[in-house]
2 protein chains.
Amino acid sequence: MSMYSTTLASHGSTISSEITETLRDAIITGEITQGSKLSETKLARDLDVSRGPLREAIRNLEGMNLIEHVAQQGARVVTLNMQTILEIYDTREALESKAASLAATNMTSGEIDELHRVIDAQSKFMHDNSNAFIPAESDYAFHNTLIRGAKNNVIESALLRRLYHLIKMFRYQHDFANTSTSNSLLEHRQIVYAIEQRDPELAEVTVRRHIVRARNRIERRLKAAQ
Amino acid sequence: MSMYSTTLASHGSTISSEITETLRDAIITGEITQGSKLSETKLARDLDVSRGPLREAIRNLEGMNLIEHVAQQGARVVTLNMQTILEIYDTREALESKAASLAATNMTSGEIDELHRVIDAQSKFMHDNSNAFIPAESDYAFHNTLIRGAKNNVIESALLRRLYHLIKMFRYQHDFANTSTSNSLLEHRQIVYAIEQRDPELAEVTVRRHIVRARNRIERRLKAAQ
DNA sequence: CATTTAAAAAATGTCGACAATTGTTGCGAA
DNA sequence: TTCGCAACAATTGTCGACATTTTTTAAATG
């Protein structure tokens, strides 16, 4: 009976935001398994809170698309089968390619510098680790910076708030945590080049290709595993 | 002091879902004005419910992107200034053009028939009303059918659950309720043609152009009104 | 008169208890 | 045995009260 590590956290003053983060991480890592029911009574007991803030946390998780809640029946963790994964990546392709197009116009030079720093770190890491892979956190840092550079809060929310938690969950639980292929680094460089050139169309197609390739890699691997 | 009409509704058994719909409609129509605070105490009194289900309704509205909630300070209705509107339409362009592409492949012939029925109704209406406009509800019916035809629940949710309420809110409050231009009907026909031909690329560009044109119309009109 | 500060008021966050609904168990009838 | 049904258990939904934080008010200070 592993308890969900609440750690020290607490930068989010309120209890419901605390347990939202705790449960979010437990779902992403799979500590709470896909498809399992989130029993209010049990969770409230385990986390040592009342059911009030717990219900609010559940609604928050619903906003991250991590759970599905139906009236009078409770909440369940989403199930990431192959179809859902591919749907997520198709949606990501549409949103993030548009974000790249906007970022080519709207990114500040400071943010472009940040992209370079992330890429350089990735390059150094791969060099030090026999070109093995890019660490997940570094990959997220790259895409986070790109998405924020679009200066479009609606797209940013659609991606970072409602889609990326699902992507992290999938990659963590299905051993796609670290993006393979040294090609990813090259693609990252091409993306930064397009943005640096302030070329929206090139930025859009490079990001689109980057995501489509990831999508197809996933599809191949999941079909092979069947 | 106009009270929010709770009507008979009640098909959603639970109180929180009831008042979610009530408040959603009040926000979309502007009965609750943009930027105004949603006071839990006052609303609970007005709607004659306790604060529990009201807080859940607020979280639901947050999931529709209709309000913004910050801890210890409460919830406010979003403000739709020009920048936000254009951000919404840029996001819609990315999502709905992808949805059209998918729909060209995945739509059933029955759903295509449904698109024809909607278009025929629009055609008849315009003919009967001196080519004035397409009624808002009929326009939403067209796009709803298109989006559902993509058979991608993630895109569908991103559009219908998280974006379209904002679009309805804007169009209702800024007199864009009825899509002007007889050109819209032609564009609808082109979209259906592309889907009928099972041509994803053509479907994508026709929908993209349809939305970009609407976006640019809005931008021109809002700038002229400044 | 403007600014600061402390008390008061109001609002949001949390809790425990009760209500209503759903799910389960076990008995009895076909 | 299988099916239906009633009693029971467990879960979710709702409520009112209390705790904590924020906002307002108003006095006091410079």
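Below, chains carry the letters A, B, ... as their sequence lines are ordered, and counting in each starts from 1.
Comparing the end axes of the helix from C:dC1-D:dG30 to C:dA30-D:dT1, each fitted to five base pairs by superposing C1' atoms of four pairs onto the next four, gives an inter-axis angle of 10° (nearest 10 degrees).
Counting 5' to 3', DNA chain C first comes under 4.0 angstrom of a heavy atom of chain B and last does so at the ends given by C:dA11 to C:dT14.
Listed by chain and residue number, A:M107, A:E114, A:L115 satisfy the side-chain contact (heavy atoms from CB on, under 4.5 Å) test with A:T145 (two or more places apart in sequence, or in another chain). Partners of A:D90 under the salt bridge (Lys or Arg N to Asp or Glu O under 4.0 Å) rule, at least two apart in sequence or in another chain, are A:R215. Legend: residues meeting ring pair (Phe, Tyr, Trp, His ring centres under 6.0 Å) with A:Y89, ordered by chain and number and at least two apart, are absent. Taking the side-chain contact (heavy atoms from CB on, under 4.5 Å) definition, one finds that B:E204 meets it with B:S97, B:S101, B:R208, sequence neighbours left out. For the ring pair (Phe, Tyr, Trp, His ring centres under 6.0 Å) test, residues two or more places apart in sequence or in another chain that qualify with A:F170 are A:H174, A:F176. Judged as a salt bridge (Lys or Arg N to Asp or Glu O under 4.0 Å), and not counting sequence neighbours, the contacts of A:R213 are A:E187. Every side-chain contact (heavy atoms from CB on, under 4.5 Å) that B:S36 has, sequence neighbours left out, goes to B:I32, B:T33, B:V77.
For residues 144-157 of chain A, every residue pair satisfying the salt bridge (charged side-chain N to carboxylate O under 4.0 Å, His left out) rule, not counting sequence neighbours, is listed here: A:E111-A:K151. Screening residues 65-74 of chain A for salt bridge (charged side-chain N to carboxylate O under 4.0 Å, His left out), with sequence neighbours left out, gives no hits.
Looking at residues 55-75 of chain A, you'll see A:Q72 sit with a heavy atom under 4.0 Å from some atom of DNA chain C.
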